[in-house]
Each structure stands twice: as structure tokens, then as C-alpha cells.
Amino acid sequence: MGIPSVMVVPLLVVFAAGVYYIYNEAMRFMSKSLVRNKVVVITDAVSGVGTECAHLFHKGGARLVLCGTSWDKLESLFDTLTSDADPRETFAPKLVLLDFSDMDSMEDVVAEVMESYGCVDVLICNSSMKLKAPVQSISLQLDRNIMDINYFGPSTLAKGVLPSMISRRSGHIILVNSIQGRLAVPFRSSYAASKHAAQAFFDCLRAEVEEYGVVVSTVSHTFINASEPPPVTEPSPPLNPVAAYITSQLTHGVRPSVLANEIIQTVNRKRKEVLLAHPIPRVALHLRSLVPAALFAVLAAGVKDSVLTEQMQ
């Protein structure tokens with residue numbers, strides 16, 4: 001007895017979903033085994049994304065070097081990771097104070113990072129400083145500070161660990177960047193400039209070190225949504241389907257856990273470029289390349305609307 005034709009498509013969908021689920025579970029299992037014994041440096045381990053990465057890599061048996069600007073927060077993370085860990089399966093992390101706004105300390109930081117285990121297999125540059133302000137209100141000092149944290153810091157640390165990677169002909173450098181390293185939006189001038197600079201540096205670096213077996217990856221994401229979803233107290237008036245879809249694309253962002261999973265998969269698959277974005281930002285990227293005038297008009301109209309709204313309040 002044959003399968004009714006109306007059942008073919010649903011069965012194919014279920015089968016495809018099952019295969020996709022099994023594939024993801026297999027990759028998650030492999031992720032833990034592939035990072036075992038690897039020396040992994042996380043430049044901002046006390047941030048939401050950095051903490052999620054620390055948990056994933058620690059469970060996978062990586063030898064972690066956790067960096068951050070707060071010693072208290074680093075010690076708290078250390079206690080969290082080691083309290084329930086099996087010492088036969090995991091390594092106690094090394095802790096290093098790292099503040100990219102203090103560029104004079106970078107030579108000592110590089111030396112301390114390299115002395116932790118003698119080498120670095122994976123460098124995850126996830127430190128970032130955000131800024132939202134009109135261009136005319138941003139001081140030169142603030143411009144320099146954001147460039148230090150978002151560009152000069154990561155590039156200097158990458159240069160510091162690079163000689164060891166080249167001599168070993170092995171290593172992976174990951175820049176956790178923003179989609180604004182590829183698409184600039186109003187009121188983010190200094191932030192977008194620093195992210196564009198970092199994107200360009202690591203794109204150049206990728207080509208220069210490929211012959212030495214060193215992999216360079218960039219992970220570009222939309223804004224990180226670390227907040228918990230608000231509780232539903234009472235049903236709200238339903239939006240029309242188009243409005244509901246647009247609202248969901250603009251407000252959800254990327255969860256730290258999702259971004260951390262993408263980072264560990266990037267390490268395992270050695271992907272060179274990853275884009276984590278909903279359809280609307282992706283469309284904006286295509287508009288920037290194909291029809292830039294249209295995107296500029298949309299962005300300018302958005303600025304005018306925001307100014308008008310402020311004047312009316």
C-alpha cells in the first residue's frame with residue numbers, strides 16, 4: 001500500500017527536521033572532543049558572551065586563559081567553572097587582567113598570556129566598547145578610547161601571539177565583531193569606524209597567514225540581547241502579520257548562548273566568515289552593495305523621524 005500523495009510533503013519535512021537535529025547533536029558532541037587540550041584565550045571572559053564561551057570550552061576540556069578588566073569577576077567565574085568540574089576531564093583556567101584601554105600594558109599582557117601554557121591554539125577577541133551619540137558630541141579622547149578597545153587592542157594581541165602560531169604552523173584567531181563592521185548606521189560613527197577597522201585588519205591578516213596554517217575568522221552579529229524575555233501579564237492586541245514579523249526582527253537580537261555556540265562551531269569547522277543576523281540586516285547589507293542610494297535614503301529618513309519625535313515630546 002502506497003503513501004498518499006498529500007502525506008509526502010509533511011513526511012519529507014519531518015524527515016529533514018530529524019536529519020537536521022541529529023546533525024546538530026553530532027556536531028555538538030564533536031565540538032567538545034575537538035577542543036580538548038586546546039589552549040583557548042578569551043579576551044573578555046566576564047561578559048555575557050565570554051562567560052558562555054568559557055563554560056562551553058571548559059566543558060570540552062580546553063585549557064582556558066580567561067581575561068578581563070575585573071579580577072573579582074574573573075575569580076567568580078573561575079569558582080563557577082571549577083566548583084562542579086571533574087579535574088580528570090577539565091583544566092583549571094588561568095586568569096589574566098586585560099584592559100585594552102591601557103595600551104601601555106599590552107606588552108606585559110602578551111607575555112603573561114604566552115607564559116600561561118607556552119602557546120595559544122585559539123584566540124577569541126570578543127572585547128568591545130559600544131557608543132551611541134551624534135558625531136558632533138563625541139570628543140577626540142572618546143574616539144581614541146573606543147579605537148583602543150575595539151581595534152588597537154585586538155590587533156595588538158593578535159600580533160603578539162602570531163609568531164608562536166606561525167612557528168608551530170597552527171592556530172586560530174577569531175574576531176567577534178559586529179555587523180556594523182560591514183554596515184554603518186547613524187549615531188554609531190565611532191563604534192562603526194572601530195568595527196570597520198577591525199574587520200579590515202583581520203581580513204588582511206587572514207590572507208597573509210593562510211600559508212602558515214593559521215586560520216582567521218570573523219563573526220559578525222547584530223546587537224547582543226542578554227535580557228530575559230518579559231513575562232506575559234495579559235494578552236496584547238494582535239499585530240498584523242507583516243508588522244509582527246518586522247517587530248520580531250528588530251527586537252530579538254542574538255542571545256549570548258547562541259553566539260557562543262556559533263563561536264565554538266567556527267573553531268571546529270574553521271569557517272572564515274560568519275554572519276549572525278535576521279533577514280532585515282541582511283537585506284540592508286545587500287542594499288549597501290547593490291543600491292547604496294536607496295539604503296542612504298532610508299537611513300536619512302530614519303534620522304529625520306527620530307529628530308521629529310524628540311521635538312514633539
Side-chain angles (χ1 to χ4, degrees), residues 44 47-49 100-101 125-155 175-204 218-227 229-230 239-240 242-256 258-259 262 273-313:
D44 187 6
S47 66
V49 175
F100 280 147
S101 65
C125 297
N126 68 308
S127 303
S128 183
M129 175 184 175
K130 297 178 177 60
L131 178 65
K132 178 182 179 181
V135 171
Q136 66 271 19
S137 68
I138 302 174
S139 66
L140 179 59
Q141 182 58 42
L142 194 53
D143 270 332
R144 287 173 172 165
N145 194 31
I146 199 169
M147 287 297 292
D148 281 344
I149 295 173
N150 293 354
Y151 169 63
F152 287 115
S155 60
L175 172 69
V176 183
N177 209 25
S178 165
I179 195 173
Q180 292 189 51
R182 302 169 63 181
L183 177 70
V185 298
F187 306 114
R188 302 290 198 285
S189 57
S190 298
Y191 178 72
S194 67
K195 292 299 184 178
H196 271 73
Q199 182 75 36
F201 175 87
F202 284 90
D203 282 348
C204 293
T218 57
V219 181
S220 302
H221 58 82
T222 53
F223 78 94
I224 298 174
N225 184 3
S227 61
L239 299 173
N240 69 68
V242 175
Y245 175 75
I246 293 176
T247 300
S248 68
Q249 299 304 302
L250 292 176
T251 58
H252 282 176
V254 178
R255 305 287 298 177
V258 173
L259 182 51
E262 198 67 38
E273 190 169 57
V274 177
L275 176 62
L276 276 179
H278 292 298
I280 289 179
R282 289 176 181 270
V283 169
L285 281 174
H286 290 302
L287 285 176
R288 179 65 179 86
S289 299
L290 302 175
V291 196
L295 178 64
F296 298 156
V298 171
L299 294 176
V303 172
K304 292 177 183 177
D305 288 343
S306 64
V307 172
L308 180 60
T309 300
E310 291 178 359
Q311 292 175 345
M312 294 176 64
Q313 289 177 343

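Model, not experiment: these values are computed from the prediction.
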Residues pairing under side-chain hydrogen bond (donor to acceptor under 3.5 Å, both in side chains) where one sits in residues 175-192, two or more places apart or in two chains, turn out to be Asp143-Ser190, Asn177-Gln199
Note to self: Between Asn150 and Ser194, do the side chains contain a donor N or O and an acceptor N or O under 3.5 Å apart?
What the structure shows: yes
d(Tyr151 OH, Ile146 CD1) to nearest 0.5 Å is 15.0 Å
Report all side-chain donor-acceptor pairs from residues 285-293 shorter than 3.5 Å, counting only partners two or more places apart or in another chain.
{"from": "Ser289", "atom 1": "OG", "to": "Leu285", "atom 2": "O", "distance (Å)": "3.4"}

- Task: Measure from the side-chain N and O atoms of Asn126 to the backbone N and O of Asp44, and report whether any donor-acceptor pair falls under 3.5 Å.
- Result: yes
Shortest non-hydrogen pair, Ser137 vs Pro134, comes out as OG-O, 2.8 Å
Walk me through whether Thr222 and Leu276 qualify under side-chain contact (heavy atoms from CB on, under 4.5 Å). CA-CA 7 Å; Thr222 53; Leu276 276 179; over 6 Å; no
Across all chains, not counting sequence neighbours, the salt bridge (Lys or Arg N to Asp or Glu O under 4.0 Å) partners of Asp203 are Arg206
- Query: Going by heavy atoms in the side chains, are Val176 and Leu259 under 4.5 Å from each other?
  - Reply: yes
Do the side chains of Glu262 and Val258 get nearer than 4.5 Å, heavy atoms only?
no
dist Phe201:CZ -> Cys125:SG (nearest 0.5 Å) comes out at 9.0 Å
d(Leu183 CG, Arg282 CZ) to nearest 0.5 Å is 13.0 Å
Quiz item: When you check the side-chain N and O atoms of Lys195 and Ser128, is any donor under 3.5 Å from an acceptor?
Solution: yes
Smallest heavy-atom separation, Ile224 atom then Pro256 atom, equals CG2-CG, 3.9 Å
When rounded to the nearest 0.5 Å, the distance separating CG of Leu275 from CD1 of Ile179 is 5.0 Å
So CG of Asp148 and OG of Ser127: to nearest 0.5 Å the spacing works out to 12.5 Å
For Asn145 and Ser101 the tightest heavy-atom approach is OD1-CB, 3.4 Å
